[in-house]
Amino acid sequence: MSEAQPRNNFIRELVAADVATGRFGRPVATRFPPEPNGYLHIGHAKSICLNFGLAQEFGGRCNLRFDDTNPFTEDMKYVEAIRHDIRWLGFEWSEERYASDYFDTLYEVAERLVRNGGAYVDSQDEEAIRENRGTVTEPGTPSPHRGRSVEENLDLLRRMKAGEFPDGAHVLRAKIDMAHPNMIMRDPLLLRIRHASHYRLGDAWCIYPLYDFAHGLSDAIEGITRSLCTLEFKDNRDIYDWLVRAAGYEHPPLQVEFARLELDYTIVSKRKLLRLVNEGHVTGWDDPRMPTIAGLRRRGVTPEAIRTFADTIGVARKPARVEMATFEHAVRNDLNMRVPRVMCVVSPLKVVLTNYPEGQVEELEASYYPHDVPLTGSRMIPFSRELWIEREDFLENPPKKFFRLTPGREVRLRYGYLITCREVVKDDRGQIIELHCTYDPTTRGGDAPDGRKVQGTIHWVSAARGIDCEVRLYDKLFTVPDPEAGGNDDDFTAYVNPESLVVVQGAKVEPSVLSDPVESRYQFERVGYFVQDATDSTPARPVFNRTVTLRDSWAKVKPQA
RNA sequence: UGCCCCUUCGUCCAAUGGCAGGACAGUGGCCUUUGGAGCCACGAAUCUUGGUUCGAAUCCAAGAGGGGCAACCA
């Protein structure tokens, strides 16, 4: 499946200009640099599409680099999940690298910085460092250790590395300017002591670089040309440039910032997503309500839909909040053209065809695809005297423009027969328990030989041969468009949508799906797109996750109950 | 409050000094064996005020509004 030309954006123009002028003297090189401390989400997908897409388009390369500088939070299981998700999205990296590959080089740079007076060992505690940094309106105060001699600094740094000091005893800081208007530049921390096992390197190190120290230099080592990151790193660009210059790289990479994706009714903060998992608001990183790649996959979303979505939203420097409708459109648009239609009654109401022979079952042919989808194929569906129809497809006292079944009205059973409702059967409490209808034997397949038109077509499943299944109706994760808006970090869980998952037992699906593998996607006609759940669905007990509803123009005209 | 960034239809993105355009959403219609899909049409924006220019969304200035930065997180 070919995707349209990527739409233009300012980064693409920068890269095109680089190529035209030969600015870096090397081919286009980008990187996707996740920290292996959580799962990738839809926001990362935007970055992945950008970085890998640019490399592809300009004949360059794109590395996958794990930014693993914090031994407290990182884990190999995240590395594996991240690799899997990127490949599932349809991208392959040129090389797999790790910031931890560069710890030796980073340490050499640190010593060199110390030798030429560009860095010093500070022995203030964490709190003192923070206080002495000053505020946005007041300059910081230099550390009492700022004037240490090169010899002393070198000695301390080596002993830090050798493990002679406990966590927090010393840090290595760049010596820049404690009064710098950019807070980031007030002698930023480079190395800190952490007596912790690294998930990859074990106990080889007890000093670990901070993001600012590791990132730009890692880019430079890999020969990255444009280092793409999100807007909140704008201020870090100063230290990025300072470091790659200090380390002596020619034609160093250039950082370019773009706006991260904010999607309505969900969140894309790894830290907050982790909380949803830990506090049990969802069942895991791959809960289909999660905006993670793993969650979207389990929800039934395709990689193509995600890539199209990424292209649709574009890339800019303005913080942007995208409507869920934009995402849903990308999903429906893709699914519409590729998945077979089958019938499933989510909330069944029994229909008895009083003039249909008892015990008879016929097999009717039903196309998998509508006329306007260029795919072919069909299956046979059993038709019998007793059927299930959707409870909401019958109304005893219908409002205007209700085209479905009502007393005395004729409707079409899709690919079946025209039926007319003759009698409404209720229980003692007045609840409708079944409908008695008659069918017109001359309308097999759904066409009337006399050419009469029926306004409504409804879906159905044979009661004799329908399969019991579980249907999981997923909806937006939060009840408000921006759950993080309050500013209070703790508030967002209060907005978790209690109806984000509605589990329906006793739905009835046509038997054809039994032979399909798990993760098969369908459109349940008139209901929505669904996928057989990857982990819970079995032939004995099929489970279907709703990926997205169909557009429902009836919902707009329907009078509110 | 210091520094930095941003500001175009309801939303997202184009227009790179020369007719403000697309997508999503919305509205009306056509079509329809999915109230799906598709097709047609309609409405909808350059934050404000000055300046430069034959000509400004675009360049300059001021203002307003929004966002980021004061973790030994990334």
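Note that the coordinates shown come from a computational prediction; the quantities given were computed from them, not determined experimentally. Proteins come first, then strands; the chains are lettered A, B, ... in the order of their sequence lines, and each starts at number 1.
- For the OP1/OP2 pair of B:C73 and a distance below 4.0 Å, the side-chain nitrogens and oxygens of A:Lys270 include no atom meeting the criterion.
- Considering only side-chain atoms of A:Arg133, the nucleotide from B:G35, B:A70, B:A74 that sits closest is B:A70.
- Not a single donor-acceptor pair, N or O on each side, falls under 3.5 Å between the base of B:U11 and the side chain of A:Arg321.
- Of the possible donor and acceptor atoms, one in the side chain of A:His198 sits under 3.5 Å from a partner among the backbone N and O of A:Asp68.
- For B:A23, the OP1/OP2 oxygens have no side-chain nitrogen or oxygen of A:Arg7 closer than 4.0 Å.
- Phosphate proximity of B:G67 to A:Arg260: absent, as no side-chain N or O sits under 4.0 Å from OP1 or OP2.
- In terms of phosphate contacts, A:Thr326 brings no side-chain nitrogen or oxygen within less than 4.0 Å of OP1 or OP2 of B:A23.
- In secondary-structure terms, RNA chain B builds stems of at least 3 consecutive Watson-Crick or G-U pairs, each pair having both distances under 3.5 Å, at B:2-7 with B:64-69, B:10-13 with B:21-24, B:26-30 with B:38-42, B:47-51 with B:59-63.
- Taking side-chain N and O atoms only, A:Thr457 has no distance below 4.0 Å to OP1 or OP2 of B:U32.
- Within 4.0 Å (heavy atoms only), A:Asn236 reaches at least one base atom of the nucleic acid.
- Taking all atoms of both residues into account, the shortest heavy-atom contact from A:Ala259 to A:Lys46 is O-NZ, 2.6 Å.
- In terms of phosphate contacts, A:Lys318 brings a side-chain nitrogen or oxygen within less than 4.0 Å of OP1 or OP2 of B:C13.
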Measure all distances between protein nitrogen or oxygen atoms and nitrogen or oxygen atoms of nucleotides 38-40 of chain B, and list the pairs falling under 3.5 Å.
none

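- Under 3.5 Å, the side chain of A:Glu323 and the base of B:G10 form at least one donor-acceptor pair of N or O atoms.
- Under the 6.0 Å distance and 45° angle rule, A:Arg194 counts as a cation-pi partner of A:Phe72.
- Between B:G35, B:A74, B:C72, one nucleotide has an atom nearer to the side chain of A:Asp552 than all others, and that is B:G35.
- Atom P of nucleotide B:G36 and atom CZ of A:Phe524 are separated by 19 Å, given to the nearest angstrom.
- A:Arg526 has a side-chain polar atom (N or O) that falls below the 4.0 Å cut-off from OP1 or OP2 of B:G35.
- OP1 or OP2 of B:A15 has at least one side-chain nitrogen or oxygen of A:Asn8 nearer than 4.0 Å.
- For A:Ile313 and B:C13, the CD1 to P distance is 8 Å, given to the nearest whole Å.
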